[in-house]
Amino acid sequence: MADAESRFTALAESLRTNLQAGEDFSLWYSAEESEFIRFNRAQVRQAGHVIQAIGRLRLIRDDRSAEIAITLSGDLESDRQHLAEGLVQLRLVICQLPPDPYLQVERSAWHRRAVDDAALPDCTSVLAEIDKEANGLDLVGIYAAGPLYRGFANSFGALGWHAAHCFNFDWSLFHANHQAVKADYAGARWDATDFASRFTNARQQLEHLGKPVRHLQPGDYRAYLAPAALDEVLGMLSWTGFSARALANKESPLQRLQDGSACFSPLLNLDEQVAGALAPAFGPEGAPRSDVALVRDGKLAGQLVYPRSAREYGLEANCADANEATQSLVMGPGTLPADKALEQLDHGLYIGNLWYLNWSDLPAARMTGMTRFATFWVEDGQIQAPVDTMRFDDSLFSLLGDQLEALTQERQLRLSSSTYGERQTWSALLPGALVGNLKLTL
C-alpha cells in the first residue's frame with residue numbers, strides 16, 4: 001500500500017475544497033495490508049493476502065453531525081469521487097437531525113505522526129520456523145501479519161498518521177486424547193529464539209496432557225495465572241472499569257476503588273501508555289490520546305475521559321475511544337523470575353488460559369469464568385497432572401488485592417488476535433501473577 005499517507009492527505013484536502021459555508025468535516029482512515037495463513041495438522045491449508053481501506057466521513061453543521069463509511073479502492077481519483085458523493089448524502093441527512101447538546105468537536109489543530117518501519121520476516125522464513133518446531137505435532141492455528149494504517153484529518157487543521165507493522169501467530173497443539181494447549185507469539189519484530197522458547201514451553205505442556213486427569217473439588221486454591229490468563233481478566237476490567245462515564249454513572253466494577261472502600265495490592269500499577277503502542281495516538285473523532293496513570297500502588301490514580309464525557313461531567317479529556325476502554329494497557333513488573341513461578345507456587349494451579357469471562361457481581365468487581373485448555377495441578381513446584389475444566393468466581397479485590405503475592409519480572413506483549421472486519425490495534429504488556437487464593441465453584 002505504497003504512498004498510503006500521501007493519498008490520505010490528498011483525500012483530506014479534496015474534502016476541504018468541497019465544503020460549503022458553515023460546514024466542517026472529519027475523516028477517519030483505517031487500512032491494512034495483511035498476510036493470513038491458516039494451519040491444520042501443522043500443514044498450510046489456506047493462505048491469502050488482504051488489502052483494504054475504509055474512510056469514515058463525518059459532516060458537522062449547526063450542532064449536528066452525521067457519518068458515513070466508504071470503502072476506498074486505493075485509486076486517488078476514484079476515492080475522491082466517492083468521498084464527494086458521500087458528502088452529498090450526508091447533507092441530505094444532517095438537516096433532518098436534531099441538535100446534539102453534547103456534541104464535542106475537537107477544534108485544535110494538532111499534528112501527530114508515528115511510523116514504524118520495522119521489517120517483518122517474509123512468510124517463507126516464518127513457515128520454515130513453524131514447520132521446524134511443529135514437526136510431528138497436531139497444530140491448528142492462524143498467522144496474521146503486515147502493516148496497519150490509521151489516519152485522521154478535519155477542517156480545523158488536525159492531522160494524524162499512524163503506521164505500524166506487527167504479526168500474531170495464534171496456535172493450539174492437540175494431544176491424541178483431544179486435549180489441547182493454546183499458545184501465541186506476537187509483536188513487531190520476529191525473534192527466532194523467542195519463538196522457539198514459546199513453542200518449547202507449549203510442547204512441554206502438551207506432554208503433561210497425556211497424564212491422568214486430576215479432578216478437583218470446589219474450593220480455594222493457590223494459583224499462578226500466566227500472562228494469557230491475566231490478559232483475559234484485565235480485558236474484562238478494561239472494557240468499562242476505568243471509564244469516566246461508567247464511574248460517574250455507578251456502572252464501573254471499580255466503584256469501590258474510587259470511593260476508597262476497597263483497594264488493590266500495592267504491587268499493582270496500571271497505565272494507559274501511548275508512546276510506542278500499536279494503537280494510534282488519536283481516535284476516530286479527532287480526540288488525541290494521552291498517557292494515563294490508572295492505578296498506582298493499588299489505588300485508583302486516573303480514569304479514561306472521552307471528550308463527550310469531559311463536557312458532560314466537567315473533566316479533562318485524555319482518551320480517544322468513545323467506549324473509554326484501554327487501548328494499550330501496561331502493567332508494572334514484579335520481582336518474581338518467571339522460571340521460578342512454579343517453585344514459588346509450590347502446591348496449586350497453573351492456569352494458562354481463561355475463557356467465557358463475565359461479571360457475576362459488578363459492584364463487588366466479582367468475576368466468573370472457566371479455565372481453558374492446559375490447566376495443571378502443581379506439587380513441590382512441578383507439574384503433576386492436567387486438571388478438568390473448572391469454573392472460578394472471585395472478586396478482583398481479592399485476586400489483585402490481598403491475595404496477590406507476586407508478579408513476574410518478565411512481561412509478555414499481548415496483541416489482539418481479532419480479525420473481525422479488520423485487524424485490531426489493542427495491546428497489553430503483562431506479567432504473570434501468583435495469587436494465594438482463587439475460588440473454584442464447580
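This structure is a prediction, so every number in the text was calculated from the model and none was measured.
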Trainee: Do Leu304 and Val292 have side chains that get closer than 4.5 Å, going by heavy atoms?
Mentor: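 Yes; the side chains approach each other to less than 4.5 Å.
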Trainee: According to salt bridge (Lys or Arg N to Asp or Glu O under 4.0 Å), does anything in residues 269-289 pair up with another residue at least two apart or in another chain? List the pairs.
Mentor: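 Output for this query lists Arg58-Glu285, Asp271-Arg296, Glu272-Arg289.
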Trainee: Are side-chain heavy atoms of Phe242 and Val305 found at a separation under 4.5 Å?
Mentor: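 No. Closest side-chain heavy atoms not under 4.5 Å.
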Trainee: Taking the six-membered ring for Trp, are the ring centroids of Trp171 and Phe39 within less than 6.0 Å of each other?
Mentor: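 Centroid separation for Trp171 and Phe39: 6.0 Å or greater.
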Trainee: Could you tell me whether the side chain of Arg61 reaches within less than 4.5 Å of the side chain of Cys95, counting heavy atoms only?
Mentor: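 SC-SC contact between Cys95 and Arg61 confirmed.
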Trainee: Using side chain to side chain contact (heavy atoms under 4.5 Å, CB included) as the criterion, list what pairs up with Asp24, not counting sequence neighbours.
Mentor: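 With sequence neighbours excluded, Asp24 shows a side chain to side chain contact (heavy atoms under 4.5 Å, CB included) to Ile60, Ser155, Phe156, given in chain and number order.
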Trainee: Does a donor on one side chain sit under 3.5 Å from an acceptor on the other, for Arg372 and Thr389?
Mentor: no
Trainee: Is Leu148 close to Glu33 at the side-chain level, that is, under 4.5 Å between some pair of heavy atoms?
Mentor: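 A side-chain contact under 4.5 Å is absent here.
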Trainee: Could you tell me which residues satisfy ring-ring contact (aromatic ring centres under 6.0 Å, His included) with Phe25, sequence neighbours excluded, listed by chain and number?
Mentor: none
Trainee: Within the 4.5 Å heavy-atom criterion, are Met367 and Leu396 side-chain neighbours or not?
Mentor: yes
Trainee: Below 4.5 Å, heavy atoms only, C-beta onward: do Leu270 and Val330 meet side chain to side chain?
Mentor: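 Not in contact.
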Trainee: Are Arg423 and Leu415 side-chain neighbours, meaning at least one heavy-atom pair lies under 4.5 Å?
Mentor: no
Trainee: Which side-chain N or O atoms in residues 332-341 pair as donor and acceptor under 3.5 Å with protein atoms at least two apart or in another chain?
Mentor:
none

Trainee: For the residue pair Phe167 and Tyr143, categorise the inter-ring angle as parallel (less than 30°), tilted (30 to 60°) or perpendicular (more than 60°).
Mentor: parallel
Trainee: Specify the closest pair of heavy atoms between Ala433 and Leu230, including all atoms of both residues, with the distance to one decimal.
Mentor: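 In terms of heavy atoms, the two residues are closest at CB-CD2, 4.2 Å.
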Trainee: Are Tyr224 and Gln344 linked by a side-chain donor-acceptor pair shorter than 3.5 Å?
Mentor: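 Judged by distance alone, the side chains do not pair up.
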Trainee: Using a strict 4.0 Å threshold on nitrogen-to-oxygen distance, state whether Glu77 and Arg80 make a salt bridge.
Mentor: yes
Trainee: Considering residues at least two apart in sequence or located in another chain, which fulfil the side chain to side chain contact (heavy atoms under 4.5 Å, CB included) criterion with Ser197?
Mentor: none
Trainee: Quick one: list whatever passes ring-ring contact (aromatic ring centres under 6.0 Å, His included) with Phe392, sequence neighbours left out.
Mentor: none
Trainee: Taking atom types as modelled, find out whether Asp75 and Ser73 have a side-chain donor-acceptor pair closer than 3.5 angstrom.
Mentor: no
Trainee: Does a side chain donor of either Asn353 or Glu232 reach within less than 3.5 Å of an acceptor in the other side chain?
Mentor: no
Trainee: So which pairs with a foot in residues 39-56 pass salt bridge (Lys or Arg N to Asp or Glu O under 4.0 Å), sequence neighbours left out?
Mentor: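 Listed by first then second residue: Arg41-Asp138, Arg56-Glu67.
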Trainee: Does atom CZ of Arg38 have more than 12 heavy-atom neighbours from other groups under 6.0 Å away?
Mentor: no
Trainee: Apply side-chain contact (heavy atoms from CB on, under 4.5 Å) to Arg256 and Asp259, showing your working.
Mentor: CA-CA 5 Å; Arg256 293 179 60 201; Asp259 65 25; 4.2 Å; yes
Trainee: Taking Gln403 for its side chain and Asn437 for its backbone only, find out whether a donor-acceptor pair lies under 3.5 Å.
Mentor: yes
Trainee: Side chains of Thr368 and Ser360 only: does a donor on one sit below 3.5 Å from an acceptor on the other?
Mentor: no
Trainee: Show me the pairs that pass salt bridge (Lys or Arg N to Asp or Glu O under 4.0 Å) and involve residues 400-421, at least two apart or across chains.
Mentor: Asp184-Arg414, Arg222-Glu405, Asp231-Arg414
Trainee: May I ask you to say whether Asp393 pairs ionically with Arg366, meaning some side-chain N is under 4.0 Å from a carboxylate O?
Mentor: yes
Trainee: Do Ser328 side-chain atoms and Gln273 backbone N/O form a donor-acceptor pair below 3.5 Å?
Mentor: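 Pair found, side chain donor or acceptor close to backbone of Gln273.
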Trainee: Between Tyr29 and Tyr149, is the ring centre distance below 6.0 Å?
Mentor: no
Trainee: Could you work out, with side chain to side chain contact (heavy atoms under 4.5 Å, CB included) as the rule, every residue matching Glu422, not counting sequence neighbours?
Mentor: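 Listed in chain order: Ser30, Glu32, Gln52, Arg150, Gln424.
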Trainee: Taking ring-ring contact (aromatic ring centres under 6.0 Å, His included) as the cut-off, I'd like each qualifying pair that reaches into residues 298-337, sequence neighbours left out, listed once.
Mentor: none
Trainee: Give the ring-plane orientation class for Phe195 versus Phe169, where under 30° counts as parallel, over 60° as perpendicular and anything between as tilted.
Mentor: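 It falls in the tilted class, 30° to 60°.
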Trainee: Decide yes or no on side-chain contact (heavy atoms from CB on, under 4.5 Å) for Leu234 and Leu400, but give the supporting numbers first.
Mentor: CA-CA 10 Å; Leu234 289 177; Leu400 301 178; 4.2 Å; yes
Trainee: Rounded to the nearest 0.5 Å, how far apart are OG1 of Thr326 and CG of Asp321?
Mentor: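 That separation rounds to 8.5 Å.
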Trainee: Quick one: sort the Phe282 and Phe152 rings into parallel, tilted or perpendicular, breaks at 30° and 60°.
Mentor: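 Tilted: the ring planes of Phe282 and Phe152 meet at 30° to 60°.
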Trainee: Around atom CH2 of Trp359, are there more than 12 heavy atoms of other residues, nucleotides or ligands at under 6.0 Å?
Mentor: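 Counting neighbours around CH2 of Trp359, more than 12 heavy atoms of other residues, nucleotides or ligands fall under 6.0 Å, so yes.
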Trainee: Walk me through it: do Leu27 and Leu15 pass the test side-chain contact (heavy atoms from CB on, under 4.5 Å)?
Mentor: CA-CA 9 Å; Leu27 177 64; Leu15 285 168; 3.9 Å; yes
Trainee: Does one side chain, of Ser309 or Glu324, offer a donor that lies under 3.5 Å from an acceptor on the other?
Mentor: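 A donor-acceptor contact under 3.5 Å links the two side chains.
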Trainee: Holding to side chain to side chain contact (heavy atoms under 4.5 Å, CB included), I want the full list of residues that pass it with Leu137, two or more places apart in sequence or in another chain.
Mentor: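 Partners of Leu137 under the side chain to side chain contact (heavy atoms under 4.5 Å, CB included) test: Leu173, Phe199, Arg203, Leu206.
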Trainee: Scan for salt bridge (Lys or Arg N to Asp or Glu O under 4.0 Å) pairs involving residues 85-111, sequence neighbours excluded, and state none if there are none.
Mentor: Glu23-Arg91, Asp100-Arg308
